[in-house]
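All remarks here apply to the structure that follows.
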Amino acid sequence: MGSGQREQFDNPVIEWVDSRLPVFTMMQREYGVFPTPRNFNYFWNFGAIAMIMLVLMIVTGIVLAMHYTADVTKSFDAVERIMREVNGGWLIRYMHMNGASFFFIAVYIHIFRGMYYGSFKKPRELLWILGVVIFLLMMATAFIGYVLPWGQMSLWGATVITNLFSAIPLVGDSIVTLLWGGFSVDNPTLTRFFALHYLLPFVIFAVVFLHVWALHVTGSNNPLGIDTKGPQDTLPFHPYYTMKDTFGVLVFLLFFVLVTFYAPNMLGHPDNYIPADPLVTPAHIVPEWYFLPFYAILRAITFDIGVPFTEIVIISAKLGGVIAMFGAIALWFVLPWLDTHPIRSARFRPLFRTFFLILVADFIFLGYIGSQSADATLFGIPLSYMGLAATAYYFIFFIAILPWLSRNEKGRDLPTSIHEAVLEQKKSKSEMSPEAAE
Amino acid sequence: MTKRLILSLAVLPLLMMIAPSAQAAGDQKAAPHQHWHFKGPFGTYDRDALQRGYLVYRQVCAACHSMKRVAFRNLEDLGYNEAQIKAIASEYTVTDGPDEEGEMFDRPARPSDYFPSPFPNKNAAKYANGGAYPPDLSLITKARHHGADYVYALLTGYKEPPADKKLLDGQYYNPYMAGHVIAMAPPLSDGMVAYSDESPMTTEQYARDVAEFLTWAAEPEMESRKKIGLQVLLFLAVFAAIMYGIKKKIWADVH
Ligand code: HEM
């Protein structure tokens with residue numbers, strides 16, 4: 001990193017530092033002249049956006065931690081004191097609360113972008129896997145963070161989700177006891193969750209570093225999914241993409257600010273403004289919105305799997321749900337080996353494109369199902385049936401459709417180079433919207 | 001093509017926003033939307049309504065409900081001056097101490113004190129209310145779907161129970177309450193609180209005023225939140241527009 005050939009800097013101070021620790025050379029190489037495909041669309045902004053959100057979460061989180069107390073008798077009051085008595089406390093807390101949601105929005109778009117344009121394929125498999133690790137760590141961090149204000153949903157969400165681990169054979173109960181630090185979600189749970197909630201974002205930061213490192217080894221993918229073939233296909237990262245990313249970040253922040261200041265509780269649940277009470281169970285226990293698709297998959301498995309015509313149960317409904325839920329994310333890890341089609345971008349794979357867009361709709365629909373009570377109906381059909389069907393499509397897409405398409409989809413002809421494709425597109429679209437050519 | 005994809009992804013947050021409200025409809029009757037002075041991006045609290053609402057709270061609700069997160073000094077937001085707040089606080093007695101001799105003592109409340117609670121603890125509150133706990137009202141509009149609309153609907157929504165519904169002693173029928181049965185007797189009736197301004201002294205007006213007051217208690221920062229929000233939005237919009245121009249200019253030679 002930054003070793004090897006080094007150019008002299010004119011500024012003597014920078015030169016003094018750089019000759020001893022080449023951070024400036026590294027910055028210059030990785031963010032200054034770094035050759036970047038010239039044809040990114042705005043979906044390529046979401047990595048930078050996610051990075052900004054991570055920094056925002058860490059900064060606001062540390063300020064919150066200065067005023068927060070992890071104690072079941074005090075946490076709810078501590079958060080309310082932040083809201084009412086600490087200068088600007090409501091702003092910090094609302095930014096942290098809604099920042100988590102917008103962080104997930106950015107990362108979901110980032111992930112589905114990668115699937116659509118085949119960014120997970122060779123040679124970017126490890127880069128992709130590191131991304132999935134970040135996503136898992138984010139889920140853990142956000143889940144744990146939601147417990148900290150110690151409202152009704154904190155307590156009962158934590159109870160439902162931690163209880164899932166008890167379905168694991170043999171070690172399940174021990175894992176749950178370890179998570180709880182006792183025999184129910186209580187003070188020891190809260191204090192260890194706070195410690196972990198402080199720790200995990202820095203672990204995320206470290207994995208993000210590896211993720212970006214891996215990115216800078218392979219270089220970025222692009223909407224055409226073809227490799228760059230020379231300088232005519234690329235632009236230096238600065239100023240082209242620094243400026244474009246800044247613009248993208250600002251537009252994203254506009255939406256973030258709109259929600260944070262004008263509807264700060266829209267994405268939350270009112271029950272979390274009721275102090276936690278182990279004696280009162282809320283009517284509906286729902287996790288935060290960004291977990292809902294996976295929550296729906298968890299609840300879709302309502303039947304035991306056993307030996308037919310006997311009473312023997314091999315996988316209980318509960319364990320089945322847990323396997324399905326974790327399996328749904330585990331599939332992302334092996335995605336590069338499920339979709340082995342040589343064409344990366346969905347632009348040149350009409351079949352893949354159709355099935356993928358159905359998957360996105362399916363995932364959103366799963367989110368909707370996850371938000372509803374278990375016995376809800378839609379158009380007179382029990383939602384649980386639809387949940388099972390949507391879950392089935394999710395798994396069939398990854399396990400069957402992708403491998404099948406990899407072997408059988410012919411795909412369209414690829415352009416010979418990014419440079420030519422850009423020129424071509426510019427010619428045919430010169431009278432249409434200008435962004436399309438970017 | 002890209003546009004359609006953007007659209008389909010944009011639906012994700014949108015759907016999630018609608019989802020919780022669909023769910024709340026479950027068994028309770030949905031609270032109808034009321035017009036509130038504080039609604040909308042420029043909405044502010046109506047100071048007169050807040051003062052009347054506080055009066056209703058003080059004379060009616062405070063007999064059963066605590067509001068322990070609000071201090072007398074916060075009443076400044078309602079338009080009271082320092083002397084008025086001192087006078088209001090001094091009508092209450094709080095326990096302080098221990099003094100030098102180690103004794104707890106009673107003294108008149110000061111502006112820095114929080115609203116005293118009607119019962120010493122949860123069990124006492126339950127015992128006095130037939131086993132039902134009157135929740136602390138400091139956060140009630142944030143702790144229920146539809147906030148102020150819900151409080152208004154609940155307070156004005158008491159009905160005769162349907163013929164097949166059997167109520168126990170101390171239970172009342174209210175279709176807005178989860179399960180339709182509430183252990184709070186209808187707290188308001190026409191004329192029970194004397195207003196010094198022209199406002200009608202009706203149950204509806206009391207309910208509307210107290211709901212506005214409770215919204216303020218739950219979100220005292222709302223006015224500055226919206227004001228700062230507007231400034232931040234304007235700043236970001238201008239900054240984004242400038243960046244768009246810069247980006248266009250830089251990219252001009254590429255296209
Ligand atoms: C990956 C980044 C992070 C995510 C996704 C995240 C997520 C969350 C979430 C969802 C909540 C609950 C919000 C609420 O309802 O109040 C929360 C609360 C909290 N977080 Fe984080 N957080 C992150 C980073 C941090 C960091 C770095 C710190 C401190 C070092 C921190 C400190 C806190 C504290 C003290 C609370 C409780 C106060 C509150 O509830 O507002 N967070 N976090």
Side-chain angles (χ1 to χ4, degrees), chain A residues 38 41-43 77 80 83-84 90-91 94 101 105 108-109 112 116 223 235 239-240 243-244 246-247 250-251 253-254 257-258 260-262 264-267 269-275 283-284 286 289-290 292 347 357 360-361 363-365 367-368 371-373 376 422 426 434 436-438, chain B residues 1-6 8-9 11-13 15-20 22-24 26-27 40-41 69-71 74 135-136 138-147 178-179 218-221 224-226 228-230 232-233 236-237 239-244 246-251 254-255:
Chain A
R38 63 195 305 147
N41 58 32
Y42 277 98
F43 281 114
D77 293 342
E80 270 311 307
M83 293 297 290
R84 290 161 188 270
W90 58 266
L91 179 53
Y94 277 159
S101 284
I105 290 173
Y108 271 126
I109 296 177
F112 283 102
Y116 185 83
L235 293 168
Y240 293 98
M243 296 302 125
K244 188 173 176 178
T246 310
F247 171 62
L250 288 168
V251 172
L253 289 182
L254 270 171
V257 162
L258 205 63
T260 302
F261 285 92
Y262 291 97
N265 295 302
M266 177 178 73
L267 299 166
H269 197 288
D271 278 24
N272 229 28
Y273 283 108
I274 304 170
H284 304 283
V286 258
W289 70 264
Y290 34 82
L292 291 175
R347 275 198 196 166
L357 291 181
V360 174
F363 193 71
I364 294 168
F365 185 54
Y368 168 75
S371 74
Q372 303 296 304
S373 61
V422 170
K426 210 193 154 201
E438 284 165 21
Chain B
M1 172 168 74
T2 322
K3 286 228 179 71
R4 240 187 299 159
L5 188 61
I6 296 176
S8 63
L9 283 171
V11 181
L12 178 82
L15 251 177
M16 302 305 166
M17 287 170 210
I18 324 170
Q23 173 196 340
D27 136 71
R69 299 180 197 284
V70 183
N74 299 134
D136 184 271
S138 322
L139 278 169
I140 199 78
T141 59
K142 274 164 112 178
R144 296 289 184 278
H145 284 290
H146 310 301
E219 299 182 85
E221 88 296 344
S224 40
R225 171 156 59 72
K226 289 176 179 170
I228 298 172
L230 187 66
V232 178
L233 275 179
L236 284 175
F239 192 9
I242 293 173
M243 282 316 299
Y244 184 69
I246 292 178
K247 186 234 146 211
K248 265 248 121 82
K249 189 136 183 278
I250 289 175
W251 280 75
V254 176
H255 295 297

For this session: Please round to the nearest 0.5 Å and tell me the distance separating atom CD of A/E80 and atom NZ of B/K142.
Result: 5.5 Å
Exercise. How far does CZ of A/R84 sit from CD of B/E221, to the nearest 0.5 angstrom?
Worked result: 8.5 Å
For this session: Nearest 0.5 Å please: distance from the CE atom of B/M243 over to the OG1 atom of A/T246.
Result: 4.5 Å
Problem set entry | Selection from A/D77, A/I274, A/L254 maximising heavy-atom pairs under 4.5 Å formed with chain B | A/L254
Exercise. Contact part of B/I246 toward chain A, heavy-atom cut-off under 4.5 Å: side chain, backbone, both or neither?
Worked result: side chain
Exercise. Which bit of B/I228 is near chain A, if near means a heavy-atom gap under 4.5 Å: side chain, backbone, both or neither?
Worked result: both
Exercise. Side chain, backbone, both or neither: which part of B/T141 has a non-hydrogen atom closer than 4.5 Å to chain A?
Worked result: neither
Problem set entry | Segment of B/P220 engaging chain A (4.5 angstrom heavy-atom cut-off) | side chain
For this session: Please round to the nearest 0.5 Å and tell me the distance separating atom NZ of B/K247 and atom CE of A/M243.
Result: 12.0 Å
For this session: Sort A/T260 into side chain, backbone, both or neither according to what part of it lies under 4.5 angstrom from a heavy atom of chain B.
Result: backbone
Problem set entry | Parallel, tilted or perpendicular: ring planes of A/H269 versus B/H145, cut at 30 and 60 degrees | perpendicular
For this session: Identify which of B/I140, B/D136, B/L230 forms the greatest number of heavy-atom pairs closer than 4.5 Å to chain A.
Result: B/L230
Exercise. For the residue pair B/G229 and A/V257, what are the closest heavy atoms and their distance?
Worked result: O-CG1, 4.3 Å
Problem set entry | A/Y240 (side chain) donor-acceptor with B/W251 (main chain) under 3.5 angstrom | no
Exercise. So which of A/P275, A/A376, A/P264 has the largest heavy-atom pair count under 4.5 angstrom toward chain B?
Worked result: A/P264
Problem set entry | B/I242, part contacting chain A, at a heavy-atom distance under 4.5 Å | neither
Exercise. Within the side chain of A/Y273, is there an N or O that forms a donor-acceptor pair under 3.5 Å with the backbone of B/R144?
Worked result: no
Problem set entry | Portion of A/L91 that has a non-hydrogen atom of chain B nearer than 4.5 angstrom | neither
For this session: Evaluate the side-chain proximity of A/F261 to B/L233: yes if any heavy-atom separation is below 4.5 Å, no if none is.
Result: no
